[in-house]
Each structure stands twice: as structure tokens, then as C-alpha cells.
Amino acid sequence: MGQITLTFPDGAEKQAEAGITPAQIAEGISKSLAKKAISAQVNGQHWDLQWPIESDAQIAINTMKDEGPALELIRHDLAHIMARAVQEIWPDVKVTIGPVIENGWYYDFDRAEPFTPEDLGLIEERMRKIIAARDPVRTEVWERARAIAHYEANNEPYKVELIDSIPGDEPLRMYWHGDWQDLCRGPHLQHTGQVPGDAFKLMSVAGAYWRGDSDRAMLQRIYGVAFQNKDGLKKHLHMLEEAAKRDHRKLGREMDLFHFEEVAPGSVFWHQHGWRLFQTLIAYMRRRQEAAGYQEVNSPDIMDRGLWETSGHWQNYRENMFQAETQDDREYALKPMNCPGHMLIYNQGIKSYRDLPVKLAEFGKVHRYEPSGALHGLLRVRSFTQDDAHIYCTPEQLTEECLKVNDLILSIYSDFGFDDVHVKLSTRPENRIGSDESWDKSEDALRTALDQAGMSYTIFEGEGAFYGPKLEYVLRDAIGRDWQCGTLQVDFNLPERFKTTYTAASGERLAPVMLHRALFGSLERFTGILIEQHAGKLPFWLAPRQVVVASIVSDADDFVHEAVAQLKKAGIQAEADIRNEKINYKVREHSLAKVPVILAVGAREVEDRTVTVRRLGEKQTQVLPLDEVIETLRAEATPPDLRS
RNA sequence: GCUGCUGUAGCUCAGAGGUAGAGCACUCCCUUGGUAAGGGAGAGGUCGAGAGUUCAAUUCUCUCCAGCAGCACCA
């Protein structure tokens with residue numbers, strides 16, 4: 001055995017025998033550290049206390065104070081402890097995999113009977129016993145053949161399959177939590193007692209396909225959350241409650257914005273107030289696009305099968321399309337996208353290079369037969385309105401046009417308070433059309449645009465569309481969830497299929513490059529995100545109900561009506577509330593409905609031509625002259641793009 | 001689409017093999033009250049749809065539809 005040099009975080013060096021473990025190192029430092037240690041960082045790698053170190057290394061011992069490793073170990077050990085508990089209660093259950101995820105872990109089981117909510121309680125109880133037993137965690141590296149034989153003997157086919165998929169040069173590691181054994185790459189804690197027994201909770205059971213493949217067995221996945229202490233768990237559960245409160249489906253009902261019906265699954269019935277919000281968004285976008293040189297067009301909703309064959313949708317997208325047959329024996333389809341229609345509009349007449357870029361925009365409603373299980377409120381629907389546009393340009397204009405779209409998207413998101421925008425760049429997939437040079441060019445165009453804009457982005461190799469690479473703009477909402485909204489795609493395919501051309505300076509007929517882009521993406525989805533982002537308390541300019549003028553005594557009714565009329569004249573959405581109710585009642589009701597401003601009018605206000613202003617979420621009120629309030633609100637009601 | 005769960009009044013939910021209940025909302029009456037629920041009375045339901053078992057089904061069984069969670073999908 002040779003000597004190795006260990007370097008500690010403070011720079012101190014120590015000689016040790018090769019094969020020494022972090023547990024032994026900790027022991028050499030102090031008894032209490034040895035007890036508190038949970039794992040180590042060895043050359044930056046998360047390292048089990050039991051794994052030997054064979055060569056010179058930077059080493060640091062982790063304790064529960066090191067949040068990252070601590071959480072990972074707690075969650076990972078809990079996955080094992082849960083699997084052990086499940087097999088102790090139901091020995092015939094087959095185990096599969098159980099990784100750590102955000103806030104917790106899950107473990108997938110194969111069991112004939114479904115787990116019930118009561119079962120989760122049983123499992124939790126058993127887990128606490130295992131934790132209380134402080135069972136030691138032990139690890140060994142096994143030969144493949146031995147591991148396979150072991151799992152075959154124990155009738156664990158999923159584990160056998162897992163081993164088969166692990167590359168041959170990787171060591172197979174076995175872990176024991178007490179007597180319970182699992183294949184695992186580790187690392188793990190010293191013993192089960194290091195897991196806080198009061199900081200985890202089993203959350204739910206749901207189906208999940210083995211290896212994420214919908215052609216394979218459906219397993220049962222149990223999700224758990226875990227933190228370093230009880231307080232962390234409590235905070236997390238509280239956060240979930242808060243998130244549930246801002247669920248747009250709930251708020252949509254409470255604010256009377258929209259509803260759904262069984263007769264039209266995945267399609268929105270917009271009510272007055274929701275539709276007003278929707279139209280406010282469209283009006284905003286229309287102004288922005290007009291200013292950016294787009295021409296708004298409109299294409300048919302139902303078009304002949306032949307068109308969809310030309311575009312390739314019939315071949316590639318048919319299972320997502322609503323189809324219609326008519327008495328004249330023609331087959332039609334509802335448009336799932338606007339691009340083919342725009343190709344036909346572009347193709348009218350002859351375009352010169354002088355005309356390019358041509359930017360066709362449409363607030364078209366597209367219909368897609370989404371899988372039933374995918375539907376989710378406004379965020380995943382079967383009919384939705386896109387702020388769609390197609391830009392036809394020369395190859396030379398490509399980068400500049402991408403940059404313009406990028407700038408426009410960011411400027412727009414910023415107007416809505418979304419400054420935390422993440423971009424995904426998806427590059428050429430295996431199956432693709434077009435030459436490598438054109439892919440180089442289009443990927444470069446997207447990358448250059450991002451670089452010039454100083455954007456950070458993540459590259460998803462091979463995730464692009466078959467006709468071109470794409471950018472996806474992902475918005476993060478107030479509680480950390482990501483939603484894909486805007487998109488920008490480069491397309492060499494459709495211009496070719498539709499024989500689309502422009503006349504170049506040389507007189508040649510050339511194919512333009514085409515960009516598909518949507519900024520909000522789906523108006524429905526964007527509306528849903530906005531509602532959640534603001535927990536229903538929309539900024540004044542977006543709020544569908546902006547002001548309620550409420551009487552305190554009926555003698556104020558006339559002045560209430562006068563105030564409403566003046567507010568409306570100033571372009572503000574105002575309503576009167578002269579019901580025979582106390583002001584407390586009215587304030588409560590309109591506050592719950594998220595009306596941003598309540599103007600209360602009693603005898604004093606009538607006398608002085610003032611109103612008492614109460615802003616949503618504020619307890620304080622302010623008495624101001626009506627005229628002054630109207631001027632203030634008029635300014636607030638101005639959309640951000642129209643403010644000076 | 002798959003696995004599991006759910007579907008009762010406008011909303012939130014309780015209920016039980018013998019054709020239903022609460023709170024809020026709604027209507028009417030009383031009350032004119034100063035910033036998150038004033039009081040009283042009343043009306044309101046083919047218990048998601050269809051079939052089966054049963055003397056009897058909203059309740060049990062099956063099929064379908066929709067919703068929820070997750071998975072898969074997501075140009």
C-alpha cells in the first residue's frame with residue numbers, strides 16, 4: 001500500500017495510507033466529527049464515508065451543516081428506507097429505482113394492488129421505526145454476475161435489467177440499510193438514525209412508466225418530501241398551500257373569468273371579465289407588433305386535407321388534428337397551426353428582395369387534439385389563440401431578424417413583470433431535413449442573437465424540430481415553476497414545400513428563410529400564468545374590473561353614478577355598487593374578487609365631491625377629490641407601451 | 001393515452017340500500033350602516049351519463065364521460 005497526500009479545505013496536508021476512508025479520516029480528527037460526519041467531498045465529488053481513497057486528493061468532511069450534501073443524503077436515504085419499509089410490509093412488492101428530486105424523492109414499485117392513502121400512513125410509520133432503530137448503512141462492490149444472480153434469485157427483474165444497462169466498467173455497488181439491500185451508486189449516510197425523523201412526509205402515489213417508456217409496465221410511484229428539520233418541512237407545506245391559493249383554475253372561478261364544460265374538454269368558455277383581460281393582452285400585442293413592422297392577417301380555421309399534406313402536417317401531426325368530413329365528400333382539418341395559411345398568403349403575388357422581410361402576424365385560434373391526461377386549466381388546452389407570426393427573410397437578414405424577435409420578446413415580458421426569463425436552444429436532431437450548412441447558419445443565427453443580447457441559455461442538443469432549430473422562452477412564475485411561452489424557430493422546410501420564392505437582386509427566384517415565432521405563445525396559457533404570477537391581483541392596467549364605486553348610504557347613489565360615468569369616460573373599467581349592504585360587506589366582496597380600487601362614497605364625500613380610496617391589499621384609506629383620483633387612475637390604466 | 005383517485009344545490013362540502021343536508025351565494029322583508037360577512041324569511045338538486053343486481057339504487061357492480069395528481073405526450 002502506497003502513501004497518498006490528503007489536502008484539507010484549510011490547505012493543511014496529511015499523509016495517509018492509500019485506501020483510507022473518509023470515516024477513518026474523520027475519526028483521526030475528532031470523535032465528535034466522526035459522529036457528526038455524513039459524507040465527504042473528495043476532489044469535489046460527493047463521496048461516501050466508507051469509500052476508500054486510493055490517490056492524492058482534496059478532501060472535506062460534510063456534516064448536516066452542509067446543506068447541499070445533507071439534503072441529498074437525507075432524501076436518498078429516505079428513498080431506501082421507504083423501499084425497505086414497503087418490502088417489509090408487502091414482501092412481494094418489486095423494487096425499481098428511487099432518485100432524489102427537487103424537495104424530496106420518489107421510488108417506483110411494482111405491486112399488483114394499488115397503494116392507498118392509508119398505506120402511505122403505514123409506510124411512514126414503518127419508516128420512522130427504521131430511523132429510530134439507527135440501523136447501520138453498509139456498502140460493498142459486487143461482481144456483475146453475483147449481483148445478477150442475487151436479484152434473479154430474489155425475483156427482482158427490474159434490478160436485473162438495471163444492472164444490464166450499467167456500463168461494464170462501472171463498479172456495481174450494493175448498499176444495506178440494516179438487513180435490507182439495494183443496488184445503488186451512493187453515497188449514503190452512516191446509519192438510518194442520521195435522517196431527521198420529523199422532517200419528511202409521503203405526499204402522493206401515481207403511476208409512472210418503467211424507464212419512462214409508455215410501451216412498458218406502469219409502476220406505482222410514491223413521492224416524498226424531506227428537509228433538514230421540521231421547520232423546513234413546515235415551510236414547504238405552507239408554500240404548497242400558498243401555491244394552491246393562486247391556482248388560476250380556482251381564481252378563474254372566483255374572479256368570474258372563465259369556465260370549462262364537459263362538452264368541450266380543453267376549451268375555454270371565457271366570461272366577460274376574462275375575455276376583457278384576454279382582449280387587453282391582444283390589444284397590447286397588436287400595438288407592439290404594428291410598431292415592429294408586422295402586418296396582421298387572418299387565415300381560415302378549416303382547410304382541405306390537401307393543404308395539410310403539402311405542409312406535412314397530415315403525415316406528421318395527424319393524431320393531434322381535429323378532422324371534419326362534409327356532405328360533398330371532402331376531408332377537412334381544423335388548423336393546428338397557422339403557418340400553412342400564411343404560406344398561401346405570402347405566395348399571393350410576387351415578392352421582391354425589396355419586400356423582405358415580410359412579417360405576417362395572426363391572432364389565430366388553433367385546435368390540437370391533446371391527450372386527455374395532458375389538459376390542465378388554461379395552461380394546456382385543445383383550442384388556443386396564438387400571437388403567431390411568420391417572418392420571411394433572406395439568409396443575410398436571418399440573424400438580425402432573430403435578434404429583433406428576441407429584443408421584442410424581452411421587452412414585452414418585462415412590461416408584464418417577467419424579468420427572470422430563461423432560454424432553451426434546441427439544436428439539430430438526428431432526423432432532419434436540409435443541408436448541414438443551412439443548419440449551421442440557422443443555429444448560428446439563433447446563437448448570435450442570444451449572445452448579442454447577452455442572454456444566458458441552455459443548449460438542448462438534438463431537441464430541435466426536424467425542419468430547424470428553435471428557441472423556447474421559459475417564464476418562471478412567482479413560486480418557481482417554469483412555463484414555456486415564447487418560441488422562435490428557423491424553418492427551411494415549408495418554403496420549399498410551398499415553392500415559396502422571392503426575386504433576388506440578381507433576378508433569380510430564391511427561397512426565403514422562414515421564422516416561426518410566438519411571443520406570448522398561447523394567449524390562454526399566458527393569461528393563466530399572469531393570474532398565478534399575481535395571485536389574481538393583476539396590475540391596474542390589466543385588471544378586468546378596475547374600480548368599484550360603493551355607496552355607504554343611499555343618499556350617495558347619485559354621486560356614485562356620476563363618479564362611475566366620469567371614470568368610464570376616462571377609459572377606466574368602473575362599476576357602481578349601490579346595493580343595500582354595509583360598506584364592510586362591499587369591501588370584503590370586492591376585495592375577494594380582486595378589484596384593485598374601491599372608491600367609497602358617503603355623505604361627507606357627496607358634500608365635498610371626494611371619494612375614499614381603498615387599494616386592494618391595503619388597510620389604509622385616503623380621501624381625495626374625485627377629479628384627482630380619476631387623473632391618477634387614468635395614468636395607471638395606461639398600458640406600459642403607451643406611457644411617456 | 002396510462003395508473004390511481006374523484007364527480008351530491010351556483011361555490012365549498014357532509015350523507016346513507018328505503019327517492020337528500022349544511023355553510024356561503026341567490027330572492028324577498030327589516031336595517032342607511034364609515035372599510036374584509038347586520039338580522040329574518042324563502043326558493044333552489046334527474047345525487048356526471050347509461051346499463052345491471054335488488055321489492056327498492058343517488059348509495060352496490062359494470063361501461064362511458066369529465067375533473068384531479070403523476071407518468072407519457074407537448075412544431
Side-chain angles (χ1 to χ4, degrees), chain A residues 106 108 111 113-117 119 203-223 244 247 249-250 253-254 256 259-266 311-313 316-317 319-320 336-339 366 368-377 379-382 386 388 426 429 463-470 472 484 487 489-491 493-494 516 518 521-522 525 550-557 578-593 598-605 612-623:
Chain A
Y106 66 77
D108 288 346
R111 179 185 181 220
E113 305 77 45
F115 289 111
T116 66
D119 289 342
M203 302 298 284
S204 61
V205 194
Y209 297 110
W210 170 235
R211 314 218 106 181
D213 182 344
S214 58
D215 292 331
R216 307 204 58 179
M218 175 66 74
L219 306 170
Q220 296 189 63
R221 174 172 298 178
I222 303 181
Y223 285 91
D247 188 317
R249 293 166 297 185
K250 182 175 143 75
R253 200 184 313 111
E254 289 170 1
D256 193 18
H259 84 279
F260 289 90
E261 294 273 351
E262 289 197 7
V263 293
S311 68
H313 286 82
N316 294 303
Y317 203 67
E319 66 279 14
N320 280 293
M337 296 181 200
N338 297 305
C339 26
V366 296
R368 300 181 184 176
Y369 187 79
E370 300 287 347
S372 58
L375 303 179
H376 183 92
L379 303 184
R380 190 80 184 269
V381 288
R382 283 183 175 156
Q386 291 184 312
D388 201 7
S426 298
E463 300 272 303
F466 68 89
Y467 54 72
K470 60 178 180 180
E472 289 177 341
Q484 196 235 297
T487 178
Q489 296 156 21
V490 185
D491 184 359
N493 180 35
L494 280 185
H516 305 241
S522 145
R525 174 177 285 183
S551 58
I552 295 170
V553 292
S554 46
D555 284 347
D557 290 359
I578 55 167
R579 291 175 304 169
N580 177 15
E581 295 292 349
K582 292 195 168 181
I583 192 66
N584 291 11
Y585 184 92
K586 296 182 184 181
V587 164
R588 175 182 155 83
E589 189 174 284
H590 299 125
S591 298
L592 287 174
I598 297 170
L599 302 181
V601 179
R604 297 200 295 269
E605 286 84 355
T612 301
V613 183
R614 183 189 163 115
R615 299 266 179 177
L616 183 58
E618 289 175 20
K619 277 247 175 337
Q620 274 166 309
T621 57
Q622 211 182 356
V623 182

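All heavy atoms count here, side chains included; hydrogens, waters and symmetry mates do not. Order of the sequence lines sets the chain letters (A, B, ...), proteins ahead of strands, with each chain counted from 1.
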Once you apply a heavy-atom cut-off of 4.0 Å, does [X] come out as touching a base, just sugar-phosphate, or nothing?
X	result
A/R253	sugar-phosphate
A/L592	base
A/N316	base
A/R249	sugar-phosphate
A/K586	nothing
A/F260	nothing
A/S551	nothing
A/P265	sugar-phosphate

> Paired with B/rG4 by Watson-Crick or G-U wobble geometry, both distances under 3.5 Å: which nucleotide is it?
Replying inline: B/rC68
> Which base, if any, makes a Watson-Crick or G-U wobble pair with B/rA43, both distances under 3.5 Å?
Replying inline: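 Base-paired to nothing in any strand shown.
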> If you measure from the C1' atom in B/rU8 to the same atom in B/rC13, how many Å do you get, rounded?
Replying inline: 9 Å
> Taking atom C1' in both B/rA9 and B/rG15, what distance in whole Å separates the two?
Replying inline: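 Result for the C1' pair: 14 Å, nearest Å.
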>> Would you say A/Y585 places a side-chain N or O within less than 4.0 Å of OP1 or OP2 belonging to B/rA25?
In response: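 Checking B/rA25 against A/Y585, a side-chain N or O does come within under 4.0 Å of OP1 or OP2.
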>> Quick check on RNA chain B: between A/A603 and A/E472, whose nearest nucleotide comes earlier from the 5' end?
In response: A/A603
>> Check this for me, if you would: do A/D213 and A/R211 make a salt bridge, where the nitrogen-to-carboxylate-oxygen distance has to be below 4.0 angstrom?
In response: no
> Cationic tip of A/R221 within the cone over A/Y106's six-membered ring, i.e. under 6.0 Å and within 45° of the normal?
Replying inline: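 Pair A/R221/A/Y106 counts as cation-pi.
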